[in-house]
Amino acid sequence: MSKKNLILKSETITITPSNEEDLWESDWMIAFRQGEKEQIGTASFAGEKLLGAIPLKVELAQKYRNRGLGTEVIKMMVNWAFLHKNIYEVISQVEHENDKGVNALQKAGFVFRKNEGNVETYSIVKEKTVWTGVYLAVGIVMGLILGLVLNNAWLGFAVGLISCLCVGKIMDYNAQKYRESVTGKSGQYGKRSKK
């Protein structure tokens, strides 16, 4: 990956890794994209990584809090992490009294998982793959083309639709099995824990 690909940008901020050789343990520097050039905080995936889950910690300087920047940073870091094949969950911990931190996590889509003493754990889970829908659309197009070639629109449509639907289901099944092999969890994704 080139350095240009490692800079995460939004309209407001940029997030740049401090060490391109160690993206998962080193800090990422957060700065405004325009205007102020000073570092406003850090983000990091440093910590215990287990079964497809990684930790995320975001720290903003006091004067930059309560502006929605924390939520923006969290979303950007999660989106980047989920681009990686073996990452299925991002976990963050926050002190119980830190209402602003809890609020930022919840706005970014994190869900409460557990409470240990004064620390609450939140996480967000990568959505499951949905190849079936993609292949269904491909099947419709292929079916229409096959129908024209066979001079029987209904037969071509049925064959194209059924074959592509099957391919999509197989791809979804394989993706789910791979996910389960990485995480050790089956069928638990997408379920929300109650507080």
Side-chain angles (χ1 to χ4, degrees), residues 1-2 4-11 15 17 23-24 28 43 45 47-56 58 68 71-93 102-114 121-195:
M1 256 187 220
S2 70
K4 184 178 181 182
N5 292 337
L6 293 178
I7 298 175
L8 308 180
K9 297 179 183 179
S10 73
E11 290 182 17
I15 306 172
L23 300 172
W24 299 104
W28 291 59
F45 295 111
E48 184 179 8
K49 294 153 186 66
L50 183 62
L51 298 173
I54 59 168
L56 173 64
V58 174
T71 300
E72 187 174 353
V73 170
I74 292 167
K75 286 180 180 179
M76 291 170 69
M77 295 298 286
V78 166
N79 289 339
W80 182 83
F82 282 165
L83 292 175
H84 297 81
K85 184 177 180 181
N86 291 337
I87 305 297
Y88 292 100
E89 185 173 20
V90 177
I91 300 167
S92 192
Q93 294 184 325
V102 168
N103 192 35
L105 288 169
Q106 290 176 334
K107 283 183 176 180
F110 280 65
V111 176
F112 174 81
R113 299 297 180 194
K114 64 182 176 180
T121 301
Y122 289 80
S123 77
I124 187 167
V125 177
K126 183 191 287 187
E127 295 292 324
K128 293 181 181 179
T129 60
V130 286
W131 289 107
T132 303
V134 172
Y135 277 89
L136 183 63
V138 170
I140 292 171
V141 172
M142 285 182 55
L144 292 173
I145 293 170
L146 188 60
L148 292 173
V149 170
L150 295 175
N151 206 18
N152 186 336
W154 288 109
L155 177 63
F157 183 74
V159 169
L161 192 63
I162 290 170
S163 61
C164 287
L165 186 60
C166 290
V167 169
K169 286 284 188 189
I170 290 168
M171 289 184 71
D172 281 343
Y173 176 78
N174 289 338
Q176 179 63 29
K177 286 299 171 192
Y178 179 77
R179 182 181 191 132
E180 290 172 3
S181 74
V182 170
T183 64
K185 300 176 183 176
S186 61
Q188 295 180 10
Y189 289 99
K191 294 181 181 177
R192 298 180 180 253
S193 293
K194 293 183 181 178
K195 216 172 190 181

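Residue numbers count from 1 along this sequence. Scope of the values below: all heavy atoms of this structure, side chains included, with no hydrogens, waters or symmetry mates.
- Annotation for W28 and L6: closest pair CZ3-O, 3.5 Å, computed over non-hydrogen atoms.
- One distance of note links CE of M76 with CD1 of I15; it measures 4.0 Å at 0.5 Å rounding.
- Contact annotation: the side chain of E127 never approaches that of F82 to less than 4.5 Å [non-hydrogen atoms, C-beta and beyond].
- To the nearest 0.5 Å, atom CG of residue L105 and atom CD1 of residue I124 are 9.5 Å apart.
- Sorted by first and then second residue, the salt bridge (Lys or Arg N to Asp or Glu O under 4.0 Å) pairs with a member in residues 159-177 read K177-E180; sequence neighbours excluded.
- At least one side-chain heavy atom of N174 sits under 4.5 Å from a side-chain heavy atom of I170.
- Formation of a donor-acceptor pair under 3.5 Å by the S92 side chain with backbone atoms of Y122 is not found in this model.
- Partners of S10 according to the side chain to side chain donor-acceptor pair (under 3.5 Å) rule, which considers only residues two or more places apart in sequence or in another chain, are E72.
- Looking at every heavy atom in both residues, L144 comes nearest to F157 through CD2-CD1, 4.1 Å.
- Between A108 and T71, the shortest heavy-atom distance links the atoms N-CG2, 3.8 Å.
- For the atom pair NZ (K114) and CD (Q93), the distance works out to 7.0 Å, reported to the nearest 0.5 Å.
- The two atoms that bring W24 and K49 nearest to each other are O-NZ, 3.2 Å, heavy atoms only.
- Within a 6.0 Å radius of OH in Y173, no more than 12 heavy atoms belonging to other residues, nucleotides or ligands are found.
- For the side-chain contact (heavy atoms from CB on, under 4.5 Å) with Y135, the lone residue among L165, L161, V167 that qualifies is V167.
- In M171, the CE atom is crowded: over 12 heavy atoms of neighbouring residues, nucleotides or ligands sit closer than 6.0 Å.
- In terms of heavy atoms, W80 sits closest to H84 at O-ND1, 3.1 Å.
- Annotation for F110 and I74: closest pair CE1-CG2, 3.4 Å, computed over non-hydrogen atoms.
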